[in-house]
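Just so we're on the same page: letters track the sequence lines, and every chain starts at 1.
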Amino acid sequence: MSLKQVYDRLYKHYGPQHWWPGDTPFEVMVGAVLTQNTAWTNVEKAIYNLKLYDALSPHAIVEVPHEQLAQWIRPSGYFNIKARRLRNFCQWYIEQGEYPQLSQWETNELREGLLSVNGVGPETADDIMLYAFARPVFVIDAYTRRIFSRLDYITGDEGYEELREFFEKGLARNRDKVQLFNEYHALIVMHAKDICKMKPSCDDCCLKKVCLYLE
DNA sequence: ACCCAGGGTCATA
DNA sequence: TATGACCATGGG
């Protein structure tokens, strides 16, 4: 079964996911940093606080004292380190001219720029690439590894870039890649949560049963 | 009480 | 290059 066929199956079963939750590209970027190793429900509380104090803007985040920012984003966990990461990112974001300028960057340059920020790794960068800048980049996360290694598409110990290339090449023939990658990653996350919800042991769960489950 | 969540950095060998 | 420690909240 091709990667596209797996996608079709997931899509038929779960339907459109409407990712990324967020009103603006900048909110998506903030969410991408805050959700690092953290449940999304906790991130929502942090973003709610930022909105409440009118601080969901790159300038506000750069200007507010560290202690204050850390308190606002406290529910998302790792609040000290994430306050620093948000500040690092926003400083870079402002320096590069914010969205109007950055949106004109060539895709590879933009990705390298994001990765140059301390606190933004491959997955966070690709979340931002895909969901804030609408670039055709396939996001790899722990769910993707688990699901597709259980389906024997991969071993699971490949490097991040290797996996990204695997998925991007495997889906290269499709037309609207941004839309496809957008839904695909969201569906993977949805599926992982759905299946892991009905397991007791996740050892046996994911894709062989998953595909059967989806039939 | 324990486990994990939409990761990344840094020190060490 | 490859592990391990560390960051910290909230829900199951």
C1' atom, B/dG6 versus C/dT3: distance in rounded Å?
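My reading of the C1' atoms in B/dG6 and C/dT3 gives 24 Å.
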
B/dG8 to C/dG10 separation - P atoms, rounded to the nearest Å
22 Å

In whole angstroms, how far is the [atom2] atom of [N] from the [atom1] atom of [X]?
X: A/Asn182; N: B/dG6; atom1: CG; atom2: P; value: 17 Å
X: A/Tyr143; N: B/dG6; atom1: OH; atom2: P; value: 3 Å
X: A/Lys193; N: B/dC4; atom1: NZ; atom2: C1'; value: 12 Å
X: A/Met190; N: B/dA5; atom1: CE; atom2: P; value: 16 Å
X: A/Arg145; N: B/dA5; atom1: CZ; atom2: C1'; value: 17 Å
X: A/Phe89; N: B/dT9; atom1: CZ; atom2: P; value: 14 Å
X: A/Ile147; N: B/dG6; atom1: CD1; atom2: C1'; value: 12 Å
X: A/Ile128; N: B/dG7; atom1: CD1; atom2: C1'; value: 12 Å

What residue among A/Ile140, A/Thr144, A/Val139 forms side-chain contact (heavy atoms from CB on, under 4.5 Å) with A/Arg164?
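Only match with A/Arg164 under side-chain contact (heavy atoms from CB on, under 4.5 Å): A/Ile140.
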
For a side-chain contact (heavy atoms from CB on, under 4.5 Å) with A/Val30, tell me which candidate from A/Leu34, A/Val28, A/Val33 qualifies.
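Of the listed residues A/Leu34, A/Val28, A/Val33, the side-chain contact (heavy atoms from CB on, under 4.5 Å) partner of A/Val30 is A/Leu34.
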
Pairwise ring pair (Phe, Tyr, Trp, His ring centres under 6.0 Å) hits with a residue in residues 115-138 of chain A, at least two apart
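Applying ring pair (Phe, Tyr, Trp, His ring centres under 6.0 Å) to every pair that reaches into residues 115-138 of chain A, excluding sequence neighbours, yields A/Trp19-A/Tyr131, A/Trp20-A/Tyr131, A/Tyr99-A/Phe133, A/Phe138-A/Phe167, A/Phe138-A/Phe181, A/Phe138-A/Tyr184.
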
Contacts satisfying ring pair (Phe, Tyr, Trp, His ring centres under 6.0 Å) that involve residues 56-78 of chain A (not counting sequence neighbours) are A/Tyr53-A/Trp72

With sequence neighbours excluded, residues passing side-chain hydrogen bond (donor to acceptor under 3.5 Å, both in side chains) with A/Asp157
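Checked A/Asp157 against side-chain hydrogen bond (donor to acceptor under 3.5 Å, both in side chains); matches are A/Thr155.
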
Mind listing the N/O atom pairs, protein and nucleotides 10-13 of chain B, below 3.5 Å?
from, atom 1, to, atom 2, distance (Å)
B/dC10, OP1, A/Asn118, ND2, 3.0

Heavy atom of residues 22-36 of chain A under 4.0 Å from DNA chain B: which residues?
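Nucleic-acid contacts, sorted: A/Thr35, A/Gln36.
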
Tell me the stems DNA chain B sits in, counting at least three consecutive Watson-Crick or G-U wobble pairs, each under 3.5 Å on both distances.
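As far as DNA chain B goes, consecutive pairing (with distances under 3.5 Å) yields the stems B:2-5 with C:9-12, B:7-13 with C:1-7.
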
If you link I, L, V, M, F, W and Y whenever their side-chain heavy atoms are under 4.5 Å apart, who else ends up in the same group as A/Leu115?
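Its cluster mates, by chain and number: none.
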
Are A/Leu110 and A/Ile94 connected, step by step, through hydrophobic side chains (Ile, Leu, Val, Met, Phe, Trp, Tyr) whose heavy atoms are closer than 4.5 Å?
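Result: no, two separate clusters.
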
Do A/Val117 and A/Val62 share a hydrophobic cluster (ILVMFWY, side-chain heavy atoms under 4.5 Å, transitive)?
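No, it is not one cluster - the side chains of A/Val117 and A/Val62 are not joined through contacts under 4.5 Å.
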
Using only atom types and a distance under 3.5 Å, with no angle test, would you say the side chain of A/Lys45 pairs donor to acceptor with the backbone of A/Ser76?
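Such a contact is absent between A/Lys45 side chain and A/Ser76 backbone.
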
Suppose we screen for ring pair (Phe, Tyr, Trp, His ring centres under 6.0 Å). Which residues come up paired with A/Tyr48, at least two apart in sequence or across chains?
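So A/Tyr48 forms no ring pair (Phe, Tyr, Trp, His ring centres under 6.0 Å) with any residue.
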
Holding to ring pair (Phe, Tyr, Trp, His ring centres under 6.0 Å), I want the full list of residues that pass it with A/Tyr11, two or more places apart in sequence or in another chain.
A/Tyr7

Both A/Leu115 and A/Asp127 contact DNA chain B. Taking the nearest nucleotide for each, which residue is further toward the 5' end?
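First, find each residue's nearest nucleotide; the 5'-ward one identifies A/Asp127.
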
So what does A/Val120 hit on the nucleic acid, given a heavy-atom distance under 4.0 Å: a base, only sugar-phosphate, or nothing?
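Sugar-phosphate, no base atom in range.
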
Identify, with sequence neighbours excluded, every residue that meets side chain to side chain contact (heavy atoms under 4.5 Å, CB included) alongside A/Lys51.
A/Asp23, A/Glu27, A/Ile47, A/Leu56

Could you work out, with salt bridge (Lys or Arg N to Asp or Glu O under 4.0 Å) as the rule, every residue matching A/Arg111, not counting sequence neighbours?
A/Asp126, A/Glu161

Starting at the 5' end of nucleotides 6-12 of chain C, put B wherever the base has a protein heavy atom under 4.0 Å, S where only the sugar-phosphate does, and a dash everywhere else.
-BBBSS-

Side-chain donor-acceptor pair under 3.5 Å between A/Asp127 and A/Thr124, yes or no?
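Judged by distance alone, the side chains do not pair up.
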
